[in-house]
Asks: 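My structure is below; once you've seen it, I'll send some questions.
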Amino acid sequence: MLNKNRLKIITLIFILSTIFSSCCTNNVIEVSMSPILNDDLVLTLIKNYSLGSENQDYTYKFQKTDLIKITNNLEILIQVSIDNMYNYLECIETEKNYTYVYPFFDEKNELCFNSKESFVYSYFPEHKNAFKDGEFVGYYKCPYLNFENELYLLSNHYSYYKIFGEAIKEHNEYFLFDTEKYDYHLNYLISVFSKLK
């Protein structure tokens, strides 16, 4: 069922994602942002690359080269979430098994990926893929994705991608980062989510 409050939060993150300020001294860029929401991946990225922070106003200091590394990692996280959602929609339509890809940081704090089949058992004996015998007779594997949570992750990663990208661009006009493409995907996937009731 659609959680309208969660959708409002997602939309608010999306709209407010470019509200930030930054300053640069000797290749060190200060970025002010809102408190980081419950997102271990973003927290790990900031912890890995931040030179320090002012907890009072949520201002973090980064080397410019490290900010670029953060935006590159965020772009990967964005694409993973987009792929997870599109693959899920395709598997639902084609009745194929769904594989969920999830990112994590290893012991060296490097971004890694793993995957697992994600499904729930649904009882429908007439389904072409229903088990004919065994413990789950009459059930079939229905692709499963917590679409709301994946959309939340996408929105959060994209908002920080924009914050850090704009901070870099403020001090390097030639730095390019793609927002038009992600705006399109985010808006489309929000519209899909609104119909998943």
Asks: Would Lys116 count as a cation-pi partner of Tyr102, with NZ or CZ less than 6.0 Å from the six-membered ring centre and within 45° of the ring normal?
Replies: yes
Asks: Would Tyr182 and Tyr161 satisfy ring-ring contact (aromatic ring centres under 6.0 Å, His included), going step by step from the backbone distance to the final call?
Replies: CA-CA 10 Å; Tyr182 297 134; Tyr161 172 74; 5.8 Å; yes
Asks: So, taking the atom named CG in Asn73 and the one named CG in Leu41, what distance separates them when rounded to the nearest 0.5 Å?
Replies: 9.5 Å
Asks: Report the C-alpha distance between Leu151 and Leu186 in whole Å, list the side-chain angles of each, state the deciding distance to 0.1 Å, and finish with yes or no for side chain to side chain contact (heavy atoms under 4.5 Å, CB included).
Replies: CA-CA 8 Å; Leu151 186 57; Leu186 182 57; 3.8 Å; yes
Asks: Are the side chains of Gln79 and Ile76 in contact, using a 4.5 Å heavy-atom criterion?
Replies: no
Asks: With heavy-atom distances below 4.5 Å as the criterion, would you say the side chains of Leu74 and Leu45 are in contact?
Replies: yes
Asks: I want to check something: taking the side chain as every heavy atom from C-beta on, are Leu77 and Leu111 in contact at a cut-off of under 4.5 Å?
Replies: yes
Asks: Could you give the distance from CE (Met85) to CD (Glu150), rounded to the nearest 0.5 Å?
Replies: 5.5 Å
Asks: Look up atom OG1 in Thr94 and atom CG in Leu89, then write down how far apart they are to the nearest 0.5 Å.
Replies: 10.5 Å
Asks: Under the side chain to side chain contact (heavy atoms under 4.5 Å, CB included) criterion, do Val31 and Thr59 qualify, and how do the steps go?
Replies: CA-CA 5 Å; Val31 182; Thr59 298; over 6 Å; no
Asks: Report the distance from atom CG of Leu43 to atom CG of Asn48, rounding to the nearest 0.5 Å.
Replies: 10.5 Å
Asks: Applying the 4.5 Å side-chain criterion to the ILVMFWY set and letting contacts propagate, would Phe119 and Val101 be lumped into a single cluster?
Replies: no
Asks: With a 4.5 Å limit on heavy-atom distance, are the side chains of Ile82 and Lys181 in contact?
Replies: no
Asks: Could you go through Tyr140 and Glu95, starting from their C-alpha distance and side-chain angles, then the distance that decides it, and tell me whether this counts as side chain to side chain contact (heavy atoms under 4.5 Å, CB included)?
Replies: CA-CA 10 Å; Tyr140 77 99; Glu95 298 184 338; over 6 Å; no
Asks: Do Tyr123 and Tyr139 have their ring centres less than 6.0 Å from each other?
Replies: yes
Asks: Could you check Tyr158 against His185 for ring-ring contact (aromatic ring centres under 6.0 Å, His included), going step by step and ending with a plain yes or no?
Replies: CA-CA 11 Å; Tyr158 181 47; His185 289 300; over 10 Å; no
Asks: Aromatic contact between Tyr88 and Tyr98, with the criterion being ring centroids under 6.0 Å apart: yes or no?
Replies: yes
Asks: Check whether any side-chain heavy atom of Val28 lies under 4.5 Å from a side-chain heavy atom of Leu51, and answer yes or no.
Replies: yes
Asks: Crowded around Tyr188 OH? As in, over 12 foreign heavy atoms under 6.0 Å?
Replies: no
Asks: Are Asn27 and Gln63 side-chain neighbours, meaning at least one heavy-atom pair lies under 4.5 Å?
Replies: yes
Asks: Under a 4.5 Å cut-off applied to non-hydrogen side-chain atoms, are Tyr121 and Phe131 in contact?
Replies: yes
Asks: Would a hydrophobic clustering, with Ile, Leu, Val, Met, Phe, Trp and Tyr connected at side-chain separations under 4.5 Å, put Val192 with Tyr144?
Replies: no
Asks: Would you please indicate yes or no on a ring centroid separation below 6.0 angstrom for Phe164 and Phe62?
Replies: yes
Asks: Given side chain to side chain contact (heavy atoms under 4.5 Å, CB included), test Lys141 with Asn129 step by step and report yes or no.
Replies: CA-CA 8 Å; Lys141 290 181 178 181; Asn129 295 328; over 6 Å; no
